[in-house]
Amino acid sequence: MEKTISILGSTGSIGTQCLDIVRKHGFKVAALTANKSVGLLINQALEFKPKVVCIMDKSCEGELSDALKDSGIKVLSGMDGLCEVATLDNADILVNSLVGMVGLTPTLLAIDKGRDIALANKETLVTGGKLVTESAKRNGVRLFPIDSEHSAIFQCLQGNENNKIKKIILTASGGPFYGMTKSELSGVTVEQALNHPNWSMGSKITIDSATLMNKGLEFIEAMWLFGVKPSQIEIVVHRESVIHSAVEYEDNSIIAQMGVPDMKIPIQYSLLYPKRIDCPTKSLSLTDYGTLHFSKPDYETFDCLSACIKAIKMGGIMPTLVNGVNEAAVELFLNEKISFLKIGELVKGVTDEIENKEVNCLDDVLSADRQAREYVRKKISGKE
């Protein structure tokens, strides 16, 4: 099947699974990028033979160039290189599987070039939702969600363009600490937080799942992707991760998308839309599961989730602030500099302590992100 793709973040969990789909269906690869996993990027480049590769960590550029010097593959580095990859003319679709707000600028540049986006980088819409959706509409660009929940919603909407959405049901696994109290979470270790019950993901998103920050970000992302209000989104904890999300229509009929918890299904759908063909994943057996469970999330214990919903209701720079604070706090937690509960404390605090402003351009978003990270630095150092 003739399809040429570029992947931002090809060495991460989504990127490597995306390349599994490429192997399966024989797609062409225009470009690959990595943060600092230079060895894996070299192997990917030699296998898929893209025209361009980019390594974000400039200290790795020499090693990458040496390994690929006889391959004819162009080597780039840093943010400038990432943006150049995003604007290449020889890709049908750009897969954005970057982690964090770093994905926003290259996405906006790709949209300006008229490139369709397969989006796994939720921070792009959390921080720049207004800018991204307006630019996509202006440039006739399609955004195909890769997140399993948003892909499920997208799939449930197919063929229902003329039917009114009553509610989106956004499912959540509940993470590794489902049912625990704040006192029980006080001594959580990094190792425990990285032990997700259903999904294999990168470290940052796994911590976000443990704090339920990930579900808060997805709440915001769903609003931008599907044009709904906060009151039209219900979060439901579903431990088995079989129903990936659902849509309730005006007639009270609910359509759900189901499957085993495997990201290859939403990745492939985003790349091949609207086609459905053989996918390298297991088939779902409902009888093997037997029973599916559903419950309400604990908004009191998991501060990150309630803070995200508060932030999007406030609008302006608030979603960018909670995202930036969370990114900085998660990095500190992974490095064992702060406690698990401190992440939620910081994210919740920023919604009360920093003045809200409107978002009119990319600089407003970038400035708010810097402000959020400075907020964390001062809180942790005690120099406010």
Side-chain angles (χ1 to χ4, degrees), residues 1-12 14-35 37-38 40-58 60-61 64-99 102-121 124 132 135-146 264 266-275 277 362:
M1 187 172 296
E2 284 296 320
K3 195 91 169 186
T4 302
I5 66 175
S6 291
I7 306 175
L8 305 182
S10 64
T11 60
I14 296 296
T16 53
Q17 291 180 84
C18 187
L19 288 173
D20 288 340
I21 303 297
V22 170
R23 288 188 190 95
K24 172 75 174 177
H25 300 301
F27 300 155
K28 294 179 180 178
V29 176
L32 300 170
T33 82
N35 183 23
S37 300
V38 64
L40 181 52
L41 182 59
I42 289 167
N43 292 337
Q44 291 176 344
L46 293 174
E47 177 182 358
F48 295 100
K49 298 177 174 55
K51 293 186 179 298
V52 181
V53 294
C54 174
I55 189 83
M56 281 294 288
D57 187 341
K58 291 193 173 188
C60 299
E61 184 178 6
L64 184 60
S65 296
D66 289 344
L68 301 178
K69 63 182 178 181
D70 298 321
S71 66
I73 299 172
K74 183 179 180 180
V75 174
L76 302 171
S77 67
M79 191 64 186
D80 289 342
L82 193 68
C83 292
E84 184 173 335
V85 167
T87 55
L88 290 175
D89 290 326
N90 59 337
D92 298 312
I93 190 166
L94 176 73
V95 178
N96 184 347
S97 59
L98 297 170
V99 177
V102 67
L104 175 58
T105 298
T107 297
L108 287 170
L109 290 172
I111 290 172
D112 284 341
K113 293 282 287 188
R115 191 76 61 247
D116 286 342
I117 309 291
L119 188 63
N121 174 243
T124 287
V132 171
S135 182
K137 184 176 181 180
R138 188 167 60 248
N139 289 284
V141 162
R142 295 175 296 180
L143 301 176
F144 297 110
I146 287 181
K264 292 187 185 70
I267 291 169
Q268 180 169 293
Y269 193 70
S270 72
L271 296 176
L272 290 175
Y273 173 83
K275 295 182 179 179
I277 61 177
L362 179 58

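Worth knowing before you read on, the calculation uses all heavy atoms, side chains too, and leaves out hydrogens, waters and symmetry mates.
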Thr16 and Asp20: side chain donor to acceptor below 3.5 Å: no

Any side-chain heavy-atom pair of Val29 and Lys49 under 4.5 Å: no

Any side-chain heavy-atom pair of Ile21 and Phe27 under 4.5 Å: yes

Residue pair Val132 / Leu143, side-chain heavy-atom distance below 4.5 Å: yes

Short side-chain to backbone donor-acceptor contact, Arg115 and Leu88, under 3.5 Å: yes

Note, Ser97 side chain near Gln17 side chain (heavy atom, < 4.5 Å): no

Heavy-atom pair with the smallest gap, counting every atom of Thr87 and Lys113: O-CE, 3.3 Å

Matching residue for Phe144 among Leu119, Ile117, Val95, Ile93 - test: side-chain contact (heavy atoms from CB on, under 4.5 Å): Ile93

Thr33 (side chain) donor-acceptor with Ile55 (main chain) under 3.5 angstrom: no

Non-hydrogen side-chain atoms of Leu64 and Glu61 separated by less than 4.5 Å: no

Least distance between heavy atoms, Asn121 atom then Gly103 atom: OD1-CA, 3.4 Å

Under-4.0 Å salt bridge between Asp92 and Lys3: no

Partner residues of Asp70 under the side-chain hydrogen bond (donor to acceptor under 3.5 Å, both in side chains) criterion, sequence neighbours left out: none

Separation between CD1 of Ile7 and SG of Cys18, rounded to the nearest 0.5 Å: 4.0 Å

NZ (Lys24) with more than 12 external heavy atoms under 6.0 Å: yes

Contacts of Tyr269 that satisfy ring-ring contact (aromatic ring centres under 6.0 Å, His included) - sequence neighbours left out: Tyr273

Check ion pair Lys69-Asp66 (N to O, under 4.0 angstrom): no

Nearest atoms (heavy-atom pairs only) where Pro50 meets Ile73: O-CG1, 3.2 Å

Side-chain heavy-atom pair Asp116, Leu94 within 4.5 angstrom cut-off: no

Glu84: partners by side chain to side chain contact (heavy atoms under 4.5 Å, CB included), with sequence neighbours left out: Lys74, Leu76

Taking every non-hydrogen atom, the tightest pair across Ile267 and Ile146: CG1-CG2, 3.7 Å

Residue pair Leu98 / Gly9: nearest heavy atoms and the distance that separates them: CD2-N, 3.7 Å

Inter-residue atom distance Leu32.CG - Leu19.CG, 0.5 Å rounding: 6.0 Å

Residue pair Lys28, Ile5: steps toward the side chain to side chain contact (heavy atoms under 4.5 Å, CB included) verdict: CA-CA 6 Å; Lys28 294 179 180 178; Ile5 66 175; over 6 Å; no

Closest contact, heavy atoms only, Cys54 versus Gly78: SG-O, 3.7 Å

